[in-house]
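All remarks here apply to the structure that follows.
Note that the numbering runs from 1 along the sequence shown for the chain. None of the values given here were measured: they were computed from a predicted structure.
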Amino acid sequence: MQPAPRTAEITRTTSETDIRLRLDLDAGPEAAPGAIATGIGFLDHMLTALARHGMLGLAVEAKGDLHIDFHHTTEDVGIVLGQAVKRALGEKRGIRRYGHAVVPMDEALAEAAIDISGRPYLAWSVTFPRDKVGEMDTELFEEFFRAFAMNAGITLHVIQRAGTNAHHIAEGVFKAVARALRQAVEPDPRAAGVIPSTKGVLEG
């Protein structure tokens with residue numbers, strides 16, 4: 001019997017943003033990221049990296065109040081992506097649950113650790129040397145990952161080990177999270193159909 005597809009499609013509309021997102025956790029190495037258009041060029045670049053290194057089928061269309069700033073759009077995309085991961089995982093049976101990655105990006109080094117625990121938490125230890133990358137405020141990366149972790153129901157630790165270039169730091173972080181997420185959601189052949197918790201459920 002074929003395993004159920006681990007996919008999700010979510011639409012979220014508020015007075016600030018209108019977002020449509022499709023996610024496939026098992027897209028595989030040949031899958032190219034779908035159309036990613038948030039109106040924020042650097043965020044699109046980072047989401048494309050997240051999809052590629054996480055082996056995710058990901059398509060995002062977001063329209064937001066960018067005339068105000070990029071905060072609402074960035075945070076809300078994180079919310080919707082987190083909701084999609086949670087929905088696609090279902091009961092979380094047979095997954096590895098934990099993921100860890102350390103990724104170099106030139107002089108930068110980023111580390112990410114994930115527990116698909118049902119207990120949302122973000123520990124963020126990243127410092128950017130300047131306030132913007134392109135037109136995007138670097139403080140928004142923390143907002144994105146907090147929104148993602150809270151809505152995915154995961155514990156996420158992100159640590160900057162080295163780095164002086166803001167672009168390299170951000171890209172290293174997204175790639176590290178992607179690799180850790182890819183590992184955590186991966187089916188564990190030794191635990192097929194089993195929820196990886198002594199409680200028998202992965203909820204808060």
Side-chain angles (χ1 to χ4, degrees), residues 2-14 17-64 72-99 101 103 112-120 122 140-141 143-156 158 170-171 173-188 195-196 202-203:
Q2 289 289 100
R6 299 192 302 169
T7 61
E9 186 166 348
I10 293 180
T11 298
R12 182 178 188 270
T13 302
T14 72
T17 60
D18 183 5
I19 300 170
R20 290 170 175 77
L21 184 147
R22 295 191 309 278
L23 176 70
D24 182 353
L25 294 179
D26 302 306
E30 302 303 319
I36 295 176
T38 66
I40 305 171
F42 194 77
L43 182 59
D44 292 351
H45 179 41
M46 293 298 97
L47 291 172
T48 300
L50 185 76
R52 173 64 69 188
H53 291 272
M55 287 194 182
L56 306 173
L58 179 64
V60 185
E61 181 184 356
K63 297 177 181 178
H72 296 145
T73 299
T74 301
E75 183 178 33
D76 288 5
V77 169
I79 289 171
V80 175
L81 179 60
Q83 291 173 343
V85 167
K86 185 174 184 178
R87 183 178 297 180
L89 283 170
E91 289 187 310
K92 309 175 185 70
R93 291 184 181 275
I95 62 170
R96 294 193 183 276
R97 177 177 168 175
Y98 296 98
V103 170
I114 286 176
D115 176 12
I116 300 176
S117 58
R119 298 185 304 277
L122 174 69
L140 294 180
F141 298 121
E143 298 304 320
F144 172 86
F145 283 111
R146 178 174 290 107
F148 170 67
M150 294 300 132
N151 286 274
I154 65 174
T155 299
L156 173 61
V158 183
E171 190 161 343
V173 163
F174 272 83
K175 289 178 177 178
V177 172
R179 291 275 171 168
L181 180 64
R182 169 179 161 185
Q183 188 179 105
V185 304
E186 186 178 36
D188 184 346
I195 294 175
L202 284 173
E203 299 294 342

*Please step through side chain to side chain contact (heavy atoms under 4.5 Å, CB included) for the pair T38 and V60, ending with a clear verdict.*
CA-CA 7 Å; T38 66; V60 185; 4.2 Å; yes
Can you find a pair of side-chain heavy atoms, one from [X] and one from [Y], that are under 4.5 Å apart?
X: V173; Y: F141; value: no
X: D24; Y: L56; value: no
X: E9; Y: R87; value: no
X: R22; Y: L58; value: no
X: P187; Y: R6; value: yes
X: I154; Y: L122; value: no

*asked:* Filter on salt bridge (Lys or Arg N to Asp or Glu O under 4.0 Å), then keep only pairs touching residues 73-83, sequence neighbours left out; what's left?
replied: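 As it turns out, the salt bridge (Lys or Arg N to Asp or Glu O under 4.0 Å) pairs with a partner in residues 73-83, which skip direct neighbours, are R12-D76.
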Rounded to the nearest 0.5 Å, what separation is found between the [atom1] atom of [X] and the [atom2] atom of [Y]?
X: L81; Y: L47; atom1: CG; atom2: CG; answer: 7.0 Å
X: R146; Y: L156; atom1: CZ; atom2: CG; answer: 10.5 Å
X: I116; Y: L89; atom1: CD1; atom2: CG; answer: 5.0 Å
X: I79; Y: H72; atom1: CD1; atom2: NE2; answer: 10.0 Å
X: T48; Y: L50; atom1: OG1; atom2: CG; answer: 9.5 Å
X: L43; Y: L140; atom1: CG; atom2: CG; answer: 9.0 Å

Taking every non-hydrogen atom, the tightest pair across [X] and [Y]:
X: A101; Y: A176; answer: CB-O, 3.5 Å
X: A178; Y: A49; answer: CB-O, 4.4 Å
X: G118; Y: P120; answer: O-CD, 3.4 Å
X: I19; Y: A62; answer: CG1-CB, 3.8 Å
X: A8; Y: A84; answer: CB-O, 3.5 Å

*Okay, side chain of D115, backbone of Y98: is any donor-acceptor separation there less than 3.5 Å?*
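It does not hold such a pair.
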_Worked verdict on L25 versus T7 for side chain to side chain contact (heavy atoms under 4.5 Å, CB included)_ = CA-CA 6 Å; L25 294 179; T7 61; over 6 Å; no
_Do S117 and T155 pair up side chain to side chain, a donor and an acceptor below 3.5 Å, judged on atom types alone?_
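A donor-acceptor contact under 3.5 Å links the two side chains.
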_I'd like to know whether E171 forms a side chain to side chain contact (heavy atoms under 4.5 Å, CB included) with M46, so could you lay out the CA-CA distance, the side-chain angles of the two residues, the decisive distance to 0.1 Å, and finally the verdict._
CA-CA 6 Å; E171 190 161 343; M46 293 298 97; 4.0 Å; yes
*asked:* I'd like to know if K63 and D18 make a salt bridge, using a cut-off of under 4.0 Å between side-chain N and carboxylate O.
replied: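 No, K63 and D18 are not salt-bridged.
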Listing, residues 179-186 side-chain donor-acceptor contacts under 3.5 Å, not counting sequence neighbours, or none:
residue : atom : partner : partner atom : Å
R179    : NH2  : H53     : ND1          : 3.4
Q183    : OE1  : H100    : N            : 3.1
E186    : OE1  : R96     : NE           : 2.9

*Does F174 have its ring centroid less than 6.0 Å away from the ring centroid of F42?*
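No, the ring of F174 stays outside the 6.0 Å limit from the ring of F42, centre to centre.
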